Amino acid sequence: MNSISITWNGHSCFSIEKDGFSIVFDPYGPNTVPGLAPLSLTADMVLCSHEHGDHGYTDAVTLKHSGTKNPFSITKIDTWHDPEQGALRGPNRIHILESDGLKIAHMGDIGCPLTREQKDLLKHLDAILIPVGGYYTIDAAEAAQVRQLIRPRLTIPMHYKTDFDPDMPIAGVETFLQQINAANAPRVPFLRLTARDMSERPEVLVMDVG
């Protein structure tokens with residue numbers, strides 16, 4: 001059965017692959033995320049939620065130019081990086097990938113409430129990659145509210161303080177897990193999704209750096 005693999009590279013950077021076609025989301029630049037080593041990734045495509053150095057460093061990704069067909073349909077939703085319509089930190093873009101009955105959203109550095117239209121576009125998600133650390137983005141309580149509104153089958157938190165970046169002025173993932181009563185959420189180094197096994201997945205997973 002066709003599957004989608006998800007690897008977390010740290011911060012908000014993920015590699016998602018299907019049928020030999022890979023996409024890197026939000027690669028961070030050298031020294032932009034304290035404690036994380038510089039990225040050196042290979043992919044067919046790079047998608048960035050915004051142009052800040054810790055999310056839009058496309059030089060970290062070598063494009064393969066393999067001619068492999070893109071199996072994903074991609075929907076882009078323009079939002080804001082802050083609750084003041086970008087006045088503080090500019091724009092943000094959500095990306096939705098769909099393929100073979102699976103639907104995944106990378107929320108970027110979402111920092112504002114969602115409109116009704118945006119919520120409708122995010123319905124029926126199999127997985128949501130969502131920032132939970134606060135300060136620069138929505139915080140744990142706001143991320144929990146988004147999760148409650150959208151009801152994805154699987155939630156994967158990102159953009160939170162870790163042992164790799166202890167000086168970041170944001171909360172750790174534990175704050176979000178406590179908010180949604182998932183303190184014992186499984187931690188996995190790698191994830192492979194198929195439409196068939198989604199009903200058997202935990203509702204929340206915490207990923208380790210691949």
Side-chain angles (χ1 to χ4, degrees), residues 6 8-16 23-39 41 43 45-61 63 72-97 104-123 125 127-147 149-150 152 155-162 164-173 175-176 179 207:
I6 301 177
W8 185 48
N9 302 303
H11 201 45
S12 296
C13 182
F14 288 81
S15 298
I16 296 182
I23 301 175
V24 169
F25 285 91
D26 281 23
Y28 60 85
N31 303 314
T32 59
V33 185
L36 288 184
L39 291 171
L41 302 171
M45 179 182 291
V46 184
L47 294 175
C48 301
S49 61
H50 59 294
E51 296 182 357
H52 290 174
D54 60 334
H55 289 262
Y57 187 68
T58 58
D59 286 350
V61 185
L63 295 178
F72 298 104
S73 65
I74 302 173
T75 302
K76 301 177 181 181
I77 305 175
D78 289 325
T79 62
W80 301 108
H81 198 324
D82 57 71
E84 297 184 24
Q85 295 188 317
L88 299 177
R89 297 186 178 91
N92 176 70
R93 178 169 287 172
I94 298 169
H95 291 93
I96 302 173
L97 302 183
I104 301 169
H106 186 290
M107 301 294 285
D109 263 7
I110 182 78
C112 65
L114 295 168
T115 66
R116 179 177 298 180
E117 179 183 11
Q118 291 166 348
K119 292 173 189 174
D120 287 343
L121 290 171
L122 290 162
K123 284 182 177 177
L125 286 178
I128 187 171
L129 314 177
I130 187 169
V132 301
Y135 191 81
Y136 302 110
T137 69
I138 57 175
D139 61 19
E142 291 166 324
Q145 185 178 32
V146 171
R147 180 174 178 265
L149 288 170
I150 296 174
T155 300
I156 300 173
M158 64 180 184
H159 204 286
Y160 51 81
K161 182 164 60 179
T162 70
F164 295 102
D165 51 6
D167 295 326
M168 291 283 282
I170 57 179
V173 71
T175 302
F176 173 69
Q179 186 77 37
M207 299 196 70

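Keep in mind it's a predicted model, so treat the numbers as computed, not measured.
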* Provide the full list of salt bridge (charged side-chain N to carboxylate O under 4.0 Å, His left out) pairs with a residue in residues 127-137, sequence neighbours left out, each pair given once. => none

* **Heavy-atom side-chain proximity of Ser15 to Asn9 below 4.5 angstrom** => yes

* Measuring from Arg93:CZ to Lys76:NZ, what's the distance to the nearest 0.5 Å? -> 5.0 Å

* Can you tell me how far CD1 of Ile94 sits from CD1 of Ile128, rounded to the nearest 0.5 angstrom? -> 7.5 Å

* Take atom CD in Gln145; do more than 12 heavy atoms of anything else shown fall under 6.0 Å from it? -> no

* To do: Please work out which of the three classes, parallel, tilted or perpendicular, describes the rings of His11 and Tyr28, given edges at 30° and 60°.
  => perpendicular

* Taking all non-hydrogen atoms of both residues into account, name the closest pair between Ala143 and Pro131 and its distance. => CB-O, 3.6 Å

* Structure fact -> Looking only at heavy atoms, the pair that brings Cys13 and Leu41 closest together is SG-CD1, 3.9 Å

* Asked: Do Val146 and Ile110 have side-chain heavy atoms sitting under 4.5 Å apart?
  -> no

* Test applied, side chain to side chain contact (heavy atoms under 4.5 Å, CB included); reference residue, Ile16; option that passes from Leu97, Leu47, Val24 -> Leu97

* Asked: When you look at CG of Asp78, are more than 12 heavy atoms from neighbouring residues, nucleotides or ligands closer to it than 6.0 Å?
  -> yes

* Sidechain-backbone polar pair: Asn92 side chain, Met107 backbone, donor-acceptor under 3.5 Å -> yes

* Side-chain heavy atoms of Cys112 within contact of Gln85, under 4.5 Å -> no

* Rounded distance [0.5 Å steps], CZ in Arg89 versus NE2 in His52 -> 8.5 Å

* Candidate pair Met45 and Phe72, rule side chain to side chain contact (heavy atoms under 4.5 Å, CB included), full reasoning -> CA-CA 11 Å; Met45 179 182 291; Phe72 298 104; over 6 Å; no

* **Non-hydrogen atoms of Pro27 and Leu39 that approach each other most closely** => CA-CD1, 3.8 Å

* To do: Could you pull out the closest heavy-atom pair between Pro34 and Met168, with the gap in Å?
  => CD-SD, 3.6 Å

* Asked: When rounded to the nearest 0.5 angstrom, what distance separates CE in Met158 from OG in Ser12?
  -> 4.0 Å

I'd like a table of donor-acceptor pairs (distance under 3.5 Å, sequence neighbours excluded) in which one partner is a side-chain atom from residues 134-142, with atom names and distances.
{"unit_1": "Asp139", "atom_1": "OD1", "unit_2": "Ala141", "atom_2": "N", "d": "3.2"}
{"unit_1": "Asp139", "atom_1": "OD1", "unit_2": "Glu142", "atom_2": "N", "d": "2.9"}
{"unit_1": "Glu142", "atom_1": "OE1", "unit_2": "Asp139", "atom_2": "N", "d": "2.8"}

* To do: Run the numbers on Leu129 and Phe25 for side chain to side chain contact (heavy atoms under 4.5 Å, CB included), then give the verdict.
  => CA-CA 10 Å; Leu129 314 177; Phe25 285 91; 5.5 Å; no

* Asked: Going through the checks in order, is the side chain to side chain contact (heavy atoms under 4.5 Å, CB included) test met by Asp26 and His106?
  -> CA-CA 9 Å; Asp26 281 23; His106 186 290; 3.6 Å; yes

* Do Ile156 and Ile130 pass the side chain to side chain contact (heavy atoms under 4.5 Å, CB included) test, and can you show the C-alpha distance, the side-chain angles, and the key distance before you say yes or no? -> CA-CA 6 Å; Ile156 300 173; Ile130 187 169; over 6 Å; no

* Contact check, side chains of Ile96 and Leu122, non-hydrogen atoms, under 4.5 Å -> yes

* Interatomic distance, Leu125 atom CG to Ile104 atom CD1 [nearest 0.5 angstrom] -> 9.0 Å

* Structure fact -> Heavy atoms of Thr58 and Cys48 approach each other most closely as CG2-SG, 3.9 Å

* Separation of Leu114 CG from Asp120 CG (nearest 0.5 Å) -> 10.5 Å

* What is the minimum heavy-atom distance between Phe176 and Pro157, and which atoms define it? -> CD2-CB, 4.0 Å

* Asked: Can you list every pair that meets salt bridge (charged side-chain N to carboxylate O under 4.0 Å, His left out) and has a residue in residues 104-118, with sequence neighbours left out?
  -> none

